[in-house]
Amino acid sequence: MTDNLKGIALKFSIEGEIADIKPLGEGFINDTFIVTTVGEEAPNYLFQRKNKNIFKDVPSMMGNILKVTTHLKKKVAAKGGDIMREAMTITPTKTGDLYFKDEEGEFWAMCLFIKDNLTYEAADSPELAYAGGKGIGKFQSMLSDMKEPLVDILPGFHNIRFRFKQWDEVLIKDPAGRKAELTEEIAWVEDRRKEMLEFWTLVEDGTIPTRVTHNDTKINNILFDKEGNDLCVIDLDTVLNSTVLNDYGDSMRSYTNTGLEDDDNLDRVSMDMDIFKAYTKGYLEETVSFLTAFEMEYLAFSARYITFEQVLRFLMDYIDGDNYYKIKAPQHNLIRTHAQYKLLTSMEEQYEQMKQVVSKYSKELSV
Ligand code: GN1
Ligand code: MG
């Protein structure tokens with residue numbers, strides 16, 4: 001633990017005395033640490049330097065998180081749950097701010113570390129996928145009556161029209177001179193442009209409603225308890241007003257993959273239908289009461305949509321010269337592109353069955 005890190009952590013209203021500060025996890029965007037305190041009484045804390053290149057308005061981001069967690073805690077309390085374990089808790093600074101800005105202009109934030117939980121990097125069983133579906137479903141359901149609007153801190157985040165605009169600009173500039181060797185990969189994106197934009201029109205014209213959503217529902221953004229039930233949805237940096245389809249779709253991209261997001265062995269990558277079924281069942285059990293018919297109709301498509309978007313984003317970052325995602329090797333974004341594309345084609349092959357699964361559960365659970 002450096003003195004500087006400790007000095008910044010001490011700006012926050014921490015209970016107890018700091019024992020240690022260590023890096024935690026491998027987020028692609030922020031730098032995350034765990035602050036442990038002396039003794040069992042005081043809690044530990046999750047401490048983050050927010051990536052200011054990506055999050056250009058950290059104060060509004062933290063404001064959004066406060067609105068969402070306040071609403072969630074009311075809901076958890078109303079059903080007799082544990083508000084400290086089933087919803088995130090922001091730890092403010094000693095002066096009552098939701099973040100601290102250091103001398104270098106870096107933004108820091110802290111929240112309580114929820115103990116005795118399990119996290120996963122992959123959905124290794126249908127039971128876990130079912131619990132994950134319930135977790136995201138409950139999260140959306142609890143927020144479905146939240147009227148207060150959130151600040152749009154990431155304009156166009158899961159908006160494919162915006163992503164294509166960025167894409168077109170990057171392709172014209174070709175800043176890293178990589179375009180010429182990527183004819184095949186670029187065609188993967190272009191071949192699907194029309195279909196993806198057509199879907200997004202339904203969100204733009206309001207056919208598919210906008211609600212409070214999480215927007216980064218990878219499996220490692222949910223805590224499970226020791227019995228394997230969903231406990232708490234974490235990493236609320238991207239809470240936004242968007243479509244619930246993006247959350248469901250991003251979970252499917254993450255949970256159903258039989259390989260890694262950046263697998264270099266494409267034989268390992270495919271979409272696992274049993275995981276798809278289990279997550280969908282858990283998710284719809286919690287959401288069928290408020291989702292519209294249009295939302296349910298497009299659930300299966302949303303898995304393809306978000307996986308496609310991820311192909312585009314990884315490839316675009318590679319063409320751009322790797323400015324967005326942290327990379328571990330020079331070709332990392334290209335490897336990620338190939339792995340996500342393999343997953344996308346596996347979803348395309350199984351699309352009819354995916355639609356049948358969604359339709360079966362939405363009918364069964366609606367009665
Ligand atoms: C980023 O930081 P992390 O790993 O939670 C990204 C997501 C991507 C994801 C790909 C703000 O999330 O949108 O889907 O990587 N977050 C942001 O794994 O861009
Ligand atoms: Mg995360």
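Position 1 is the first residue of the sequence; numbering continues from there. Whatever order the structure lists them in is the order used to number ligands and atoms, beginning at 1. Heavy-atom basis, side chains included; hydrogens, waters and symmetry copies ignored. In this text, all values refer to a predicted model and were calculated from it rather than measured experimentally.
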Discussion item. Can you tell me how the ring of Tyr325 sits relative to the ring of Phe28, calling it parallel under 30°, perpendicular over 60° and tilted otherwise?
Written reply: perpendicular

Practice prompt. Record the part of Asn215 in heavy-atom contact with ligand 1 below 4.0 Å; permitted values are side chain, backbone, both and neither.
Written response: neither

Discussion item. Using a 4.0 Å cut-off to any heavy atom of Arg253, which atoms of ligand 1 qualify?
Written reply: 10 (C), 14 (O), 18 (O)

Worksheet entry | Side-chain ion pair, Arg253 and Asp250, N-O less than 4.0 Å | yes

Worksheet, complete the sentence: Under 4.0 Å between heavy atoms, the region of Gln340 that gets near ligand 1 turns out to be neither

Worksheet item: For the side chain of Ser251 and the backbone of Thr217, is there at least one donor-acceptor N/O pair under 3.5 Å apart?
Response: yes

Practice prompt. Answer side chain, backbone, both or neither: which part of Asp216 comes under 4.0 Å from ligand 1, heavy atoms only.
Written response: side chain

Item to complete: Heavy-atom contacts with Lys218 under 4.0 Å: which atoms of ligand 1 show up? List them by number with element.
Response: 3 (P), 4 (O), 5 (O), 9 (C), 10 (C), 12 (O), 15 (O), 18 (O)

Discussion item. Could you work out, for atom 15 (O) of ligand 1, the closest of Tyr324, Phe28, Phe314 by heavy-atom distance?
Written reply: Phe28

Fill in: Heteroatom distance test (Arg313, ligand 1): nitrogen or oxygen, under 3.5 angstrom
yes

Worksheet, complete the sentence: Note: ligand 1 atoms sitting under 4.0 Å from heavy atoms of Asp235 are 5 (O)

Practice prompt. Report the residue from Lys79, Lys74, Lys73 that forms a salt bridge (Lys or Arg N to Asp or Glu O under 4.0 Å) with Glu86.
Written response: Lys79

Practice prompt. Could you tell me whether Trp188 and His338 have their ring centroids closer than 6.0 angstrom?
Written response: yes

Worksheet entry | Step-by-step side-chain contact (heavy atoms from CB on, under 4.5 Å) determination, Asn246 to Tyr305 | CA-CA 8 Å; Asn246 293 337; Tyr305 176 86; 3.8 Å; yes

Worksheet entry | ligand 1 to Asp250 polar contact by distance, N or O atoms, under 3.5 Å | no

Discussion item. Geometry only, no angles: is Glu261 polar-contacting ligand 1 at N/O separations under 3.5 Å?
Written reply: yes

Worksheet item: Between Phe12 and Tyr45, is the gap from one ring center to the other below 6.0 Å?
Response: no

